[in-house]
Amino acid sequence: MQTDRYSLFALLREAMRGNTGWKPAWRKATPAPTYDYVIVGGGGHGLATAYYLARRYGGQRIAVVEKGWIGGGNVGRNTTIVRSNYLLPGNEPFYECAMKLWEGLEQDINYNAMVSQRGVLNLFHNDAQRGAYIRRGNAMRLHGVDAELLDTQAVREKVPFLNFDDARFPIRGGLLQRRGGTVRHDAVAWGYARAADRLGVDIIENCEVTGIRLEGGRAVGVETTRGFIGAGKLGLACAGNSSRVAGMAGLRLPIESHVLQAFVSEGIKPFIDCVVTFGAGHFYISQSDKGGLVFGGDIDGYNSYAQRGNLPVIEDVCEGGMALMPRIGRVRLLRHWGGIMDMSMDGSPIIDHTPVQGLYLNAGWCYGGFKATPASGLCFAHLLARDEPHPVATAYRLDRFARGAVIDEKGMGAQPNLH
Amino acid sequence: MRLTCPFCGSRGVEEFTYRGDATVRRPAGEASAEAWVDYVYLRDNPAGPHQELWYHGAGCRSWLVVTRDTRTHQITEVRAARAVAQAEHKEGAA
Amino acid sequence: MTDAHMSSALATGVPQHRVAGGNGIDAGRTVRFTFDGRQYTGHPGDTLASALLAHGVRLAGRSFKYHRPRGILSAGPEEPNALVELRTGPRREPNTRATVAELYEGLSAASQNRWPSLAFDALGMNGLFSSVLGAGFYYKTFMWPAAFWEKVYEPLIRKAAGLGRAADEADPDQYEKATAFCDVLVVGSGPAGLAAALAAGRSGARVILCEEDSLTGGRLRAESRQLDAAPAWRWAEQVRAALEALPEVRIMERTCVFGTYDGGTYGALERVADHLPQPAKGQPRQRLWRIVARQCIVAAGAVERPIVFSGNDTPGVMLAGAVRTYLNRFGVAPGRRAVVYTCNDDGLRTALDLARAGVSVAAIVDSRPEGEGQGAQVARACGAPFLPGAAITAVKGRMAVSGVSVRDAQGREQRFACDLLAMSGGWSPNIALTTHQGMRPVYDEALCAFLPAALPPGMVVAGAAAGVFGTAEALRNGAQAGVRAAQACGFEAEQPALPDAEPESCAIAPLFHALAGVPSARWAKAFVDFQNDVTAKDVALAAREGFVSVEHLKRYTTLGMATDQGKTSNVNAIALLAEITQRAIGQTGTTLIRPPTQPVAIGALAGAHRGQHFKPARLPPTHQWAESQGAVFTANGLWQRAQWYPRPGETDWLQTVNREVRTVRGAVGFCDVTTLGKIDIQGPDAAEFLERVYVNAWKKLPIGRARYGLMLREDGFAYDDGTTARLSETHYVMTTTTANAGGVMAHLEFCHQWLWPELDVQFISVTDEWAQIAVAGPQARTVLRHVVDPAFDLSNEAFPYMAAGEVTVCGGVAARLFRLSFSGELAYELAVPARYGDALARRLMEVGAPYGIAPYGTEALGVMRIEKGHPAGPELNGQTTAHDLGMGRMLSTRKDFIGRHMAQRVALTDPARPTLVGLQPLNPADQVVAGAHLLPDGAPATAASDQGWVSSAAFSPTLGSWIGLGLLSNGPARHGEIVALHNPLAGTVVRARVVSPVFVDPEGARVHG
Amino acid sequence: MVESLLALPPVSADPVRAGDTVLALAPMGEAVSLGAFAGAGRAALLARVRETFGVDLPEQPRAVASADGQVTFVWCGPTQWLALSLGESGAEGGLLARLRAACGDLCALTSQSDSRTTLRLSGPQAREVAGRLVPVDLHDAVFEPGHVALTLAGHIPVLIRQVARNPVTYEFLVFRSFAESLFHDLHVAMNGALS
Ligand SMILES: Cc1cc2nc3c(=O)[nH]c(=O)nc-3n(C[C@H](O)[C@H](O)[C@H](O)COP(=O)(O)OP(=O)(O)OC[C@H]3O[C@@H](n4cnc5c(N)ncnc54)[C@H](O)[C@@H]3O)c2cc1C
Ligand SMILES: NC(=O)c1ccc[n+]([C@@H]2O[C@H](COP(=O)([O-])OP(=O)(O)OC[C@H]3O[C@@H](n4cnc5c(N)ncnc54)[C@H](O)[C@@H]3O)[C@@H](O)[C@H]2O)c1
Ligand SMILES: Cc1cc2nc3c(=O)[nH]c(=O)nc-3n(C[C@H](O)[C@H](O)[C@H](O)COP(=O)(O)O)c2cc1C
Ligand SMILES: [Zn+2]
């Protein structure tokens, strides 16, 4: 007998028989000639879309096609911060929807993704920033989302090891969302894949989409490195590569691909027990359950499809780290890497139809799409199944740029590298 | 990454700021709304050689048109944006 | 040696394991150090590991997950086991590899990840549950009840997390950065690197030779090898001296090249003072180098692989090459009685070196069948039993090896007592630097090694790093690489004379594990990744569950993710996975290797810019004077500005600010506004240029006048504002906000160089040129009269509101005067050359004293601009339009300007957009808070009723009330209405009346006065 | 003439030294920027400067001295130069006046005397120290007296030029408001470079 459901009991039973009964987490599916839904991109969003399509929208024949191994894109290389502390009305309900889904995720998909609501603390350093954070925190509260404003003293009590006394930009307080936190990145991909697989979804790895077949202006399937796959509806969820894949159907997107770097230190005994972002430099940090300090900062700031960045940003991030937490000076950086993200023109995502019939787009997640994963999947599934936007994702339309209804949280305008 | 400024020579990327696609052109006077949306928002975003604008802000303050492969970050050409624009301007005028 | 024997050695503290001839230590001198509180001695040149081994100390650490006792595996930076906390207090350095920590007098180290002690570790129990705690177990449990994760499970997991402890205090040491340029960078100073550096250096090329070790020579110091019939390390020293004599060659020892970046940039870390008790005064602990090289020769050598078998992690099981290093370089015999286990001829050399040092060789176990390799010969020379075609199946001993079980070619089990097991699974070239740009290596079946395929531009690989394992070959290969690299840089180079090297056999047969035929239950204690406790069994489990991509395997099992990044484990893991999934090793592929090649202290990557020097501070010209006045400062971008000027008797800042505001409104005050960006714009097309960057008209602005201007971004949203004055027909001076000064400059250059190259205009920043001081208040003119030289007519008629002119002050100092007002009072901005700013402030104090003058800071400035409804940063936040700011009518319809077209989009012109209003609380004492949201009075506190927000707020001493500026949907149409200011964060709701944003002097009578 | 306002130097510190290397504030002189107008022609500007000052405006990142040695012209970008003299800023017949007369119609002239501060670093370790902060190649075969680079010293924009070879001497032209910070950073680098 093979063990399928995960539980402590299953773990003990398998331990007694040498762990020989575990089933593959997902089948190594080979492509069928055609599906009702083909999702391009085996990242968090693509896999979640397939899962919710199958689970909540009764989707029948569903495939996720992934050019490499699932979870190898941004879902597997991000700094794992989840939060719903957004300012603008177009964003806040959506991210809160995601947060609620995170809160019940593990029981839903029977996979421990280590959703850890350890809190996200955004520090501010001057009056203008305080005003902006109060505005944001109040927006959250009006949406029924938790938010607290901490003064310097309260911050000191929570994270006493920050640099309070010798700071070029003193800490004046912070906005805390206690329900925010981190989620084990890989587990999100694997957990959704496993759950989708159990609902019959074909997860097809090592299958790169090389073309989109159009017939009479309608997308009917994808050319792949493993042959043509027909699709009733085709959904793109290929973060970082959206322009390339949409380009196969002749579309130009309001997106540039940029590299964001991330960093992990050697494992050390835990001392940072929430996520902290530094408001006077480009730096944010949390500590993984293995003990590594996971941190990051600004994007490198130029178009790139190479999953790596350069020294100036690495130095900039570490400067921010030392400015905020001078006790990590002797902790060593273990590894740094990069991920390629769709930086959209207003810093916010797109979940919408495209001008090509049968072709749907989930893109533009910038550096913030991990936290969105469950809601992104749910809303994209909703759009694919119902052909209308999910109520929490009505603002994420492609035509918002023509209308001017941009969702620009940072107020940086149409310059992706500044978002 | 290093860029070779035609005026200052080879410099580290930290001296420059990035502005994006150098193939789009500001529409003339009363162009269509569509043309403006295209110019301000839509990008080819190629994987491969990319023409892009950089500003040598910590150096000679020149805007540059750089051809760089977005897959390898290798730079094949750097020209002064002003010279590129002037050449186009002349062409347009002629 | 028995455990008892060893502990008696500890007690006496005598380094009983020293043997003669360590070429890298100074045996004549002694250095004292402590480990876990015990005193030991070593020699200069020792590492912590070699000194501990000299004392017979085996147990150095505990593994991450099962807390298994671990010893010293290697003699280099690849060490996965012997990690310690080095130093104490604020200098405590977790996870320091004992194998590279150089000994210094007073060194203190402690073992980590154990409790209560290294020898007895309570969490050692974890090992008993290893079958439950296998790969990825946590994904399968801890899910019920959901709330328990944060409360119960995670705290437990976090208790177990990590190895060493970060210091509790700020790092007291300094770090430094530097940039270096060269023609040829040589990484590694083994035979290949030295030959390369010599060849390139003699050509005249600029060469940098980086060696992460404290000594040059690489394996030449580790081996008992001869070059030109002398010890090989002597040749290394000669070459080092020869290189040092070349003026364009720079040798950097203790410098690890840790990363390959774009454009021939390499990151390197120099350990300036890690070998000292502490850095000398003023000196950094470490220095980060950015090396820009036209060519790079990677001669980084190779790392030896362990063999996977049960018990292979027991203290006393070591890499064969490391054993030779300890013998030859450090003069330490890591055991008394050794078994050698190898699949290659290189490993056999360990037996010879051991025997030469007087260590008895209990057996030589060679995985290769009889007749392959030189085992029989070597065994004879050492007088040791030889077991060809054999495998080690078990290790005896828990805290230290006491013996091994060997299954010979005939399948018979034999036991050998020993206290040292030297193993060699072959060598893995150090190719990390070749892969940092995403290149994937290829597998070479003959060498049993991954070699670089494609290389980054300008890079070559030489020596063992290129799979060229023999010394003679490595020398030749390195020299050739050096010649070619120099030639590529345009130098004439020739191959240097190379020393004679004895031939050396590198024959190898693949062997990654000894598990063939071993029941898989026993794979559990056969470690692949030592530090992260990943066993062969975990690899099998992962594969069974479908994690068959190497990258999945890595992430699921955490194999290769520890501090050593799998330097000793990755290839074995790939080979195991290949076997399980019935693929070739090459087909299975490697995981991506990322920088840094060795972990780098975060402090070093940050460098000197810490604490107060995190960012440079820009000081306005009156800074010193303001300090002397006791001003309180605030950061405004990089600028330090006086926020307010407290006076004796004032008990809180609000009191001070109120006084400053009242002084301005009632008498006269002054404020340094130098930080506003100032751009000098000249040229025949200057006016036309301004027409295109500002929304409003400029051509008709008379000379000697200033005008307020608003800039949009091309997407139609407001970008920046300020006043620009016309000084002559073709000469303007523009002011920008402090925050955007740099951005506007870049924007103007962009417009000029890229959009409108036909316009003839020049820009230069004059922000720093002028000390610009606002003098404001009813008495402003009177005070200025004492400063501006008499020839200049200051009367309202001659110099009205918005006038601008060049004047002289204080008897001839050239200055500029602008009649501008941010405060809404009669006001001027006087600009003098920056050097006189300080003196001008003092003069103003003097001449203004009779009129009650006082300096005011940014806070009072802010209060007064709110009272006047002038938008500033919080309103110009990149999300607002001209219309939102009440400036819709400024947008000219008669010309093209940046942002014009996009500003006309429907969503930007929607009248329901939040638009600037003033807010006055019904109860003047109710505090208005920036960031409160605006809801209709009485509406429920939900997002659906949200109609805007308070952007700026202040207490207005003029009105005796709190006031605010806000952006309110349909704002201008709602003056008089009462709205509720919701601040749920603070739990307050304040009712306020919507009013005009201009609270004070709406007719503007004062500014014109 | 200035009668009563005291000029305050941009850096409060006295010269500092580490070993034989010295960092000091150079005396304030006069600085004027020249921004060439396109219309009138760059060639005309060069000719006019040559006529008056006996030297060609450098077309590369270089600094050149006028024939009488009184004025140094420093390249600042493809259309900009900085003219430096030791004279008193704004004085009658001073640099700005001379330039106005010579070429005021051909280029934008703007006083920069108070914008820029000059820090002078000199001594046997000067190259090493400068290399700690400045990411350009200062090797003596590449960067010689007369050479100029507009770049960053750490985070601070500077114009660095070598003014002497023996001992190696650099001048950092830095915006006045940054001068204290640059002085500090150079001082730190001086101490560190001794190892
Ligand atoms: C360094 C870094 C840190 C980040 N930190 C955070 C954070 O802390 N919090 C947060 O919320 N967000 C964060 N993000 C953003 C977040 O990771 C992404 O927005 C999100 O993961 C994107 O969605 P995804 O998971 O579906 O993307 P991916 O995992 O990238 O999935 C896209 C998939 O599409 C596949 N694909 C592409 N082209 C093709 C093709 N032609 N054919 C087939 N398949 C294709 C790719 O291989 C990839 O697997 C971070 C991103 C990076 C890079
Ligand atoms: N016979 C065999 O099977 C076999 C196998 C491997 C090595 N070897 C021996 O090893 C030697 C190979 O010579 P070689 O010169 O190629 O290698 P080497 O190992 O002698 O020297 C490499 C040097 O590079 C340094 N290094 C590595 N990474 C570095 C980095 N990132 N930055 C700075 N320094 C770095 C190391 O500290 C080392 O000193 C020969 O003596 C050969 O006999 C033999
Ligand atoms: C949250 C998080 C924690 C990580 N922790 C480690 C770690 O402890 N050790 C390690 O080697 N890599 C760690 N990584 C980095 C991965 O090894 C890897 O670099 C990353 O997933 C990107 O993949 P790539 O480097 O193969 O492109 C971590 C990554 C993430 C996102
Ligand atoms: Zn330049």
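First the proteins, then the strands, lettered A, B, ... as listed; each starts at 1. Note: hydrogens, waters and symmetry copies are ignored here, and every other heavy atom, side chains too, is used. In this text, all values refer to a predicted model and were calculated from it rather than measured experimentally.
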Review point. When you measure from the side chain of C:Gln879 to the backbone N and O of A:Glu409, does any donor-acceptor pair fall under 3.5 Å?
Key: yes
Point to revise | Presence of salt bridge, C:Lys615 and A:Glu319, under 4.0 angstrom | key: no
Check your understanding: Which bit of C:Ala562 comes within less than 4.5 Å of chain A, counting heavy atoms only: side chain, backbone, both or neither?
Key -> backbone
Practice item. Apply the test side chain to side chain donor-acceptor pair (under 3.5 Å) to residues C:Thr563 and A:Glu266: give CA-CA distance (whole Å), side-chain angles for both, the deciding distance (0.1 Å), then the verdict. Key: CA-CA 6 Å; C:Thr563 62; A:Glu266 295 182 346; 4.9 Å; no
Check your understanding: Roughly how far, to the nearest 0.5 Å, is CE of C:Met143 from CG of A:Leu105?
Key -> 10.0 Å
Review point. What is the distance from atom CG of C:Leu592 to atom CH2 of A:Trp337, rounded to the nearest 0.5 Å?
Key: 12.0 Å
Point to revise | Proximity breakdown for C:Arg92 and chain A, heavy-atom pairs closer than 4.5 Å | key: backbone
Practice item. Under 4.5 Å, counting heavy-atom pairs only, tell me which of A:Leu11, A:Leu88, A:Asp127, A:Leu142 racks up the most with chain C. Key: A:Leu142
Check your understanding: Hey, which of C:Arg165, C:Gln565, C:Arg610, C:Glu169 has the most heavy atom pairs under 4.5 Å with chain A?
Key -> C:Gln565
Exercise for review: Count the heavy atoms of every other residue, nucleotide or ligand shown that sit under 6.0 Å from NZ of C:Lys159, and state whether that count exceeds 12.
Suggested key: no
**Study point:** Cationic N near anionic O, under 4.0 Å, A:Arg330 to C:Asp173
**Key:** yes
Revision key, fill the gap. Assert top hit (heavy-atom pairs under 4.5 Å, partner chain A, pool C:Leu83, C:Leu638, C:Val548) equals C:Leu638
Practice item. Just say parallel, tilted or perpendicular for the rings of C:Tyr261 and A:His336, cut-offs at 30° and 60°. Key: parallel
Review point. Is the C:Phe547 to A:Trp69 ring centre distance short of 6.0 Å?
Key: no
Review point. Within the distance-only criterion (no hydrogens, no angle test), does the side chain of A:Asp289 pair as donor or acceptor with the backbone N or O of C:Ala161 below 3.5 angstrom?
Key: no
Review point. Using a cut-off of under 4.5 Å for heavy-atom pairs, which of A:Ile70, A:Asn163, A:Leu149 has the most such pairs with chain C?
Key: A:Ile70
Study note, to complete from the structure: Separation between CG (A:Asp316) and CG (C:Leu605), nearest 0.5 Å, reads 12.0 Å
**Study point:** Side-chain donor or acceptor of C:Asp946 paired with backbone N/O of A:Ala139 under 3.5 Å
**Key:** no
Exercise for review: Start with the C-alpha distance between A:Ile268 and C:Leu163, add both sets of side-chain angles, then the distance that settles side-chain contact (heavy atoms from CB on, under 4.5 Å), and finish with yes or no.
Suggested key: CA-CA 5 Å; A:Ile268 49 176; C:Leu163 289 167; over 6 Å; no
Exercise for review: Going by the side chain to side chain contact (heavy atoms under 4.5 Å, CB included) test, name the single residue among A:Gln287, A:Lys269, A:Lys290 that passes it with C:Arg158.
Suggested key: A:Gln287
Check your understanding: Passes side chain to side chain donor-acceptor pair (under 3.5 Å), C:Gln640 versus A:Arg168? Steps please.
Key -> CA-CA 10 Å; C:Gln640 286 295 97; A:Arg168 172 80 171 79; 3.1 Å; yes
Practice item. Could you tell me the separation between the CZ atom of A:Arg17 and the OG atom of C:Ser131, rounded to the nearest 0.5 Å? Key: 13.0 Å
Review point. Can you say whether C:Leu288 sits under 4.5 Å from chain A via the side chain, the backbone, both, or neither, judging by heavy atoms?
Key: side chain
Practice item. Give a yes or no on whether the ring-centroid distance for A:Phe278 and C:Phe614 is below 6.0 angstrom. Key: yes
Check your understanding: In terms of heavy-atom pairs under 4.5 Å with chain C, which of A:Arg335, A:Gln415, A:Glu106 leads?
Key -> A:Arg335
Practice item. With a 4.5 Å cut-off on heavy-atom pairs, point out which of C:Thr96, C:Leu935, C:Ile593 contacts chain A the most. Key: C:Thr96
Exercise for review: Please determine, among A:Tyr111, A:Phe271, A:Phe9, A:Phe295, the option with the most heavy-atom pairs under 4.5 Å with chain C.
Suggested key: A:Tyr111
Practice item. Check whether any side-chain N or O of C:Arg544 sits under 3.5 Å from a backbone N or O of A:Asn19 as a donor-acceptor pair, and report yes or no. Key: yes
**Study point:** Verdict with supporting geometry, C:Val600 and A:Arg332, side-chain contact (heavy atoms from CB on, under 4.5 Å)
**Key:** CA-CA 5 Å; C:Val600 177; A:Arg332 297 184 196 89; 5.8 Å; no
**Study point:** Approximate separation, where rounding is to 0.5 Å, of C:Gln598 CD and A:Leu333 CG
**Key:** 12.0 Å
Exercise for review: Could you look at C:Leu541 and say if it's the side chain, the backbone, both or neither that has a heavy atom under 4.5 Å from chain A?
Suggested key: side chain
**Study point:** Side chain A:Arg141, main chain C:Pro984, donor-acceptor under 3.5 Å
**Key:** yes
Practice item. Can you tell which part of C:Tyr153 gets under 4.5 Å to a heavy atom of chain A, answering side chain, backbone, both or neither? Key: neither
Revision key, fill the gap. Assert top hit (heavy-atom pairs under 4.5 Å, partner chain C, pool A:Gly321, A:Ala10, A:Pro326) equals A:Pro326
Revision key, fill the gap. One should read off an interatomic distance between C:Lys140 NZ and A:Asn110 CG, to the nearest 0.5 angstrom, of 11.0 Å
Revision key, fill the gap. With sequence neighbours left out, the residues meeting side chain to side chain donor-acceptor pair (under 3.5 Å) with A:Asp300 are A:Gln261, A:Tyr302
Point to revise | C:Asp168/A:Arg327 salt bridge by N-O under 4.0 Å criterion | key: yes
Exercise for review: Please determine if A:Arg135 forms a cation-pi arrangement with C:Trp949, meaning its NZ or CZ atom is less than 6.0 Å from the six-membered ring centre and no more than 45° off the ring axis.
Suggested key: yes
Review point. Given a strict heavy-atom distance threshold of 4.5 Å, which part of C:Phe64 is in contact with chain A: side chain, backbone, both, or neither?
Key: side chain
Practice item. Please answer whether the main-chain N or O of A:Arg118 pairs with a side-chain N or O of C:Glu150 as donor and acceptor at a distance below 3.5 Å. Key: no
**Study point:** chain A contact via C:Thr265 - which portion, at a heavy-atom distance below 4.5 Å
**Key:** side chain
Study note, to complete from the structure: Sorted by chain and residue number, the ring pair (Phe, Tyr, Trp, His ring centres under 6.0 Å) partners of C:Tyr138 (sequence neighbours excluded) come out as none
Exercise for review: Check whether C:Ala160 gets within reach of chain A through its side chain, its backbone, both or neither, counting any heavy atom under 4.5 Å.
Suggested key: backbone
Point to revise | Contacting region of C:Gln643 [heavy-atom separation from chain A under 4.5 Å] | key: side chain
Revision key, fill the gap. Looking only at C:Arg594, C:Arg91, C:Glu545, C:His436, the option with the highest number of non-hydrogen pairs under 4.5 Å against chain A is C:Arg594
Revision key, fill the gap. Of the listed A:Pro93, A:Ser116, A:Pro89, A:Gly181, the one with the largest count of heavy-atom pairs under 4.5 Å with chain C is A:Ser116
Review point. Do NZ/NE/NH1/NH2 and the carboxylate oxygens of C:Lys177 and A:Glu315 come within less than 4.0 Å?
Key: yes
Check your understanding: Contact part of C:Pro940 toward chain A, heavy-atom cut-off under 4.5 Å: side chain, backbone, both or neither?
Key -> neither
